[in-house]
Amino acid sequence: PEARLEGMIAAQRARDAHMADRLAAAGQAGGAVLIAGAGHVRADRGVPAYLRRLQPGARIDTVGLLEVQGGALAPEDYAARFEGRLPFTFVWLTPRVDDRDPCEAFRPSLERLERGGRAPR
């Protein structure tokens with residue numbers, strides 16, 4: 001819901017900053033790898049952006065895992081989803097699993113919270 005968007009963005013940024021901190025610490029021994037969703041590995045505003053602040057000059061490569069949609073098989077076909085430019089060093093196209101919205105699984109809990117109830121644990 002629109003009312004929750006700002007908080008969700010703040011939570012995403014906090015997760016990205018925390019993962020960058022952990023990667024920087026782990027990378028002291030010669031490098032580290034993070035496997036995460038495309039939003040977290042975006043070079044322009046995900047974990048890599050925070051990591052660059054912690055380790056200026058470090059080599060940071062990103063791999064965007066993108067599900068094939070409508071038979072589009074060229075990475076450039078997906079640039080429009082990212083303001084016209086892919087924010088990854090590499091793109092790995094994967095088969096599409098399904099068309100379900102992952103947020104739908106959380107809808108009952110969010111509706112309960114909006115009515116003043118408690119979310120299930």
Polar side-chain atom of Thr89 near backbone of Thr62 as donor-acceptor pair, under 3.5 Å: yes
From CG (Asp77) to CG (Leu73), nearest 0.5 Å: 7.5 Å
Where Pro75 and Val91 come nearest, the two heavy atoms and their spacing: CB-CB, 4.1 Å
Charged N to carboxylate O below 4.0 Å: is that the case for Glu76 and Arg85? no
To the nearest 0.5 Å, how far apart are CZ in Phe82 and CZ in Arg45? 9.0 Å
Correct closest heavy-atom pair for Leu66 and Ala38 would be CD2-CB, 4.2 Å
Flag yes if more than 12 heavy atoms outside Arg81 fall under 6.0 Å of its CZ atom; otherwise flag no. yes
Just do the side-chain contact (heavy atoms from CB on, under 4.5 Å) check on Arg115 and Arg112 with the steps written out, would you? CA-CA 5 Å; Arg115 290 190 305 265; Arg112 254 191 309 281; 3.4 Å; yes
Please lay out, stage by stage, how Val47 and Arg22 fare under the test side-chain contact (heavy atoms from CB on, under 4.5 Å). CA-CA 10 Å; Val47 174; Arg22 298 293 74 222; over 6 Å; no
Above 12 or not: heavy atoms from other molecules or residues under 6.0 Å from CD1 of Ile35? no
If every non-hydrogen atom of Ala43 is compared with every non-hydrogen atom of Pro48, which pair is closest and at what distance? CA-CB, 3.8 Å
Residue pairs meeting ring-ring contact (aromatic ring centres under 6.0 Å, His included), one or both in residues 8-56, sequence neighbours left out, come to none
Whether the side chain of Thr94 engages the backbone of Leu65 through a donor-acceptor N/O pair (distance < 3.5 Å, no angle test) should be reported. no
Which pair of non-hydrogen atoms, one from Gly64 and one from Val41, has the smallest distance, and what is that distance? CA-CG2, 4.5 Å
In the single-linkage hydrophobic clustering (I, L, V, M, F, W, Y; side-chain heavy atoms under 4.5 Å), do Val68 and Phe88 co-cluster? yes
Hydrophobic cluster identity match, Leu23 and Val63, side-chain contacts under 4.5 Å: no
Sub-4.5 Å side-chain heavy-atom contact between Glu67 and Val97: yes
Does a side-chain N-to-carboxylate-O contact under 4.0 Å join Glu6 and Arg13? no
Walk me through whether Arg4 and Leu110 qualify under side-chain contact (heavy atoms from CB on, under 4.5 Å). CA-CA 10 Å; Arg4 299 205 190 277; Leu110 290 173; 3.8 Å; yes
After noting the C-alpha distance and the side-chain angles of Glu83 and Arg42, does the key distance pass the salt bridge (charged side-chain N to carboxylate O under 4.0 Å, His left out) rule? CA-CA 12 Å; Glu83 296 88 39; Arg42 289 182 63 131; 3.0 Å; yes
Can you tell me how far CG of Asp21 sits from CZ of Arg53, rounded to the nearest 0.5 angstrom? 13.0 Å
From Leu51 atom CG to Asp16 atom CG, the distance as rounded to the nearest 0.5 Å: 11.0 Å
